[in-house]
Amino acid sequence: GAVVSQHPSWVICKSGTSVKIECRSLDFQATTMFWYRQFPKQSLMLMATSNEGSKATYEQGVEKDKFLINHASLTLSTLTVTSAHPEDSSFYICSAREGGQPRNQPQHFGDGTRLSIL
Amino acid sequence: AQTVTQSQPEMSVQEAETVTLSCTYDTSESNYYLFWYKQPPSRQMILVIRQEAYKQQNATENRFSVNFQKAAKSFSLKISDSQLGDTAMYFCAFMKHVRASGTYKYIFGTGTRLKVLA
């Protein structure tokens, strides 16, 4: 159980285009979803936290107009990288937490999306 | 502010041997949760084990166990009978309560790259 599906797993696009990444919880309701960015051989950096039906909370230094997050349902969150540039190239990972006592519930992670901007 | 420190960037262990990965953290909270995640070359984050701070008994999951020393704020991971499939990046994580938003989020350590040698 507790499967999180992330799509696409790899995307290459031209500079200036927008890219949407989907994160779905397949067998549970995710009241909270998280978006991380990971540079090579580094730890996960939290970009934003989103609760279903409300605006995402962005971490300091993350541009909310650049990285649009939508969490419209209990099973789906999307991250849109707008007007992507080469410096946005990275590995993006989503995670989801079930409802109930947050402290009892670990985050379940998707497989990640490798984004390459040419 | 909470911080998580993993002082061993890389480690190696012979197959079937035992290895211990260290993690220390800093917090003023009295009750909290700690986690170890594994990130194999496939890049998906996999939950290995978790510990509740109010429980004195160390958590165990098959070949994985922790040595939780609350007073010392230490949370090391022991892998017994190491297998080739244990080769991965291991991240220690502290679950932090964000009072302003009422959400809970992870603070990750910088990771330890473990290589199991045949």
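Every chain is numbered from 1 and lettered A, B, ... according to where its sequence line falls, protein lines coming before strand lines. We use all heavy atoms of the structure for the numbers below, so side chains are in, but hydrogens, waters and symmetry mates are not. Source: prediction; values computed, not measured.
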Legend entry - Side-chain donor/acceptor of A:Arg97 to backbone N/O of B:Lys105, under 3.5 Å: no
Inset, instruction - Output the residues of residues 110-118 of chain B for which the shortest heavy-atom distance to chain A is under 4.5 Å, in residue-number order; output 'none' if no such residue exists. - result: B:Thr110, B:Arg113
Inset, instruction - Return the orientation label for the A:Phe109 and B:Tyr37 ring planes: parallel under 30°, perpendicular over 60°, tilted otherwise. - result: perpendicular
Legend entry - Rounded distance [0.5 Å steps], OG in A:Ser43 versus CD1 in B:Ile107: 10.0 Å
Inset, instruction - Report the option among A:Glu59, A:Met45, A:His108 that has the most heavy-atom pairs separated by less than 4.5 Å from atoms of chain B. - result: A:Glu59
Do [X] and [Y] share a hydrophobic cluster (ILVMFWY, side-chain heavy atoms under 4.5 Å, transitive)?
X       : Y        : answer
A:Tyr36 : A:Trp10  : no
A:Val4  : A:Leu115 : no
A:Val81 : A:Leu118 : no
A:Ile69 : A:Leu74  : no
A:Tyr58 : A:Leu79  : yes

Legend entry - Test item: B:Met45 and A:Leu44 side chains (from C-beta on) under 4.5 Å apart, heavy atoms: yes
Inset, instruction - Would you indicate whether the side-chain heavy atoms of B:Arg43 and A:Arg114 approach each other to under 4.5 Å? - result: yes
Inset, instruction - Measure distances from B:Phe91 to the heavy atoms of chain A and classify the residue's part below 4.5 Å as side chain, backbone, both or neither. - result: side chain
Inset, instruction - Check whether B:Gln6 gets within reach of chain A through its side chain, its backbone, both or neither, counting any heavy atom under 4.5 Å. - result: neither
Inset, instruction - Decide side chain to side chain contact (heavy atoms under 4.5 Å, CB included) for B:Tyr106 and A:Phe34; before the verdict, give the C-alpha distance in whole Å, the side-chain angles of both, and the deciding distance to 0.1 Å. - result: CA-CA 10 Å; B:Tyr106 284 155; A:Phe34 305 83; over 6 Å; no
Would the number of heavy atoms belonging to other residues, nucleotides or ligands and lying under 6.0 Å from [atom1] of [X] be above 12?
X       : atom1 : result
A:His85 : NE2   : yes
B:Lys78 : NZ    : no
A:Glu87 : CD    : yes

Inset, instruction - Could you pull out all residues at least two apart from B:Pro41 that satisfy side-chain contact (heavy atoms from CB on, under 4.5 Å)? - result: none
Inset, instruction - Against chain B, label A:Gln42 side chain, backbone, both or neither, depending on which of its atoms sit under 4.5 Å from a heavy atom there. - result: backbone
Inset, instruction - State, to 0.1 Å, how close B:Arg50 and A:Pro106 come at their nearest heavy-atom pair, and which atoms those are. - result: NH1-CD, 3.1 Å
